[in-house]
Colleague: 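The structure that follows is given in the form of structure tokens.
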Amino acid sequence: MGYKAKSFLGFQVKILTDKAHKKARISLIDTDAIKKELKHGAIAVVAGFQGVDETNNYYKLSGVAVPTQALLLLPLL
């Protein structure tokens with residue numbers, strides 16, 4: 001298809017969560033990396049199952065947070 005895309009994991013976008021393993025809730029999403037790629041014409045793909053705490057420990061998001069992540073990202077972009 002010829003489209004440029006960039007994939008991101010939770011730590012690359014800085015999806016900050018609380019420390020509840022397997023049921024973490026999103027507290028903040030830093031969209032700077034996504035915005036940079038969008039400005040360069042890329043399609044941004046963000047993994048929707050993980051986040052990190054303030055010390056970069058990984059946490060699996062709760063089932064509710066995963067589909068909600070896309071809705072949280074939209075107004076930030």
Side-chain angles (χ1 to χ4, degrees):
M1 297 235 170
Y3 296 105
K4 179 182 172 189
K6 170 70 177 172
S7 61
F8 294 97
L9 299 175
F11 76 93
Q12 294 171 308
V13 175
K14 206 64 164 180
I15 298 172
L16 293 177
T17 67
D18 59 21
K19 296 180 179 186
H21 185 63
K22 293 187 179 180
K23 57 183 179 177
R25 301 284 182 189
I26 297 169
S27 59
L28 177 75
I29 301 175
D30 182 351
T31 58
D32 290 344
I34 297 171
K35 288 179 181 178
K36 179 182 173 185
E37 291 300 323
L38 292 174
K39 284 182 183 177
H40 288 99
I43 298 167
V45 180
V46 181
F49 59 89
Q50 63 183 349
V52 294
D53 66 11
E54 62 280 346
T55 57
N56 288 327
N57 294 307
Y58 287 87
Y59 291 92
K60 181 179 176 191
L61 298 175
S62 72
V64 175
V66 173
T68 305
Q69 179 181 320
L71 296 174
L72 292 171
L73 279 170
L74 284 174
L76 299 174
L77 300 173

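Along the sequence shown, residues are numbered consecutively beginning with 1. Since the structure is predicted, the reported quantities are computational estimates derived from the model, not experimental observations.
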Colleague: Out of curiosity, does Tyr58 fall in the hydrophobic cluster containing Leu28 (side-chain heavy atoms, cut-off under 4.5 Å, transitive links)?
Modeller: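 In one cluster: yes.
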Colleague: Does Val52 belong to the same Ile/Leu/Val/Met/Phe/Trp/Tyr cluster as Val46, with side-chain heavy atoms less than 4.5 Å apart forming each link?
Modeller: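 No: no chain of side-chain contacts under 4.5 Å links Val52 to Val46.
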Colleague: What side-chain hydrogen bond (donor to acceptor under 3.5 Å, both in side chains) pairs are there with at least one residue in residues 5-20, not counting sequence neighbours?
Modeller: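 Those involving residues 5-20 are Lys14-Asn56, Lys19-Glu54.
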Colleague: Can you give me the closest heavy-atom contact between Ile26 and Ile29, atom names plus distance?
Modeller: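 Taking every non-hydrogen atom into account, CG2-CG1, 3.8 Å.
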Colleague: Is there a path of hydrophobic side-chain contacts, each under 4.5 Å between heavy atoms, that joins Ile43 and Leu9?
Modeller: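 Result: no, two separate clusters.
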Colleague: Taking a hydrophobic cluster as the set of Ile, Leu, Val, Met, Phe, Trp and Tyr residues connected by side-chain heavy atoms closer than 4.5 Å, whether directly or through intermediates, do Tyr59 and Ile15 fall within one such cluster?
Modeller: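 No: no chain of side-chain contacts under 4.5 Å links Tyr59 to Ile15.
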Colleague: With rounding to the nearest 0.5 angstrom, report the NZ to CG distance, Lys35 to Asp30.
Modeller: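 Lys35 atom NZ to Asp30 atom CG measures 9.0 Å (nearest 0.5 Å).
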Colleague: Within this structure, what is the CG-CZ distance for the pair Leu16 and Phe11, rounded to the nearest 0.5 Å?
Modeller: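 It comes to 13.5 Å.
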Colleague: Could you go through the side-chain contact (heavy atoms from CB on, under 4.5 Å) check for Val13 and Thr31 one step at a time?
Modeller: CA-CA 6 Å; Val13 175; Thr31 58; 5.6 Å; no
Colleague: Identify the heavy atoms of Ala44 and Phe8 that sit nearest to each other, and give their distance.
Modeller: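 For Ala44 and Phe8, the tightest heavy-atom pair comes out as CB-CE1, 4.1 Å.
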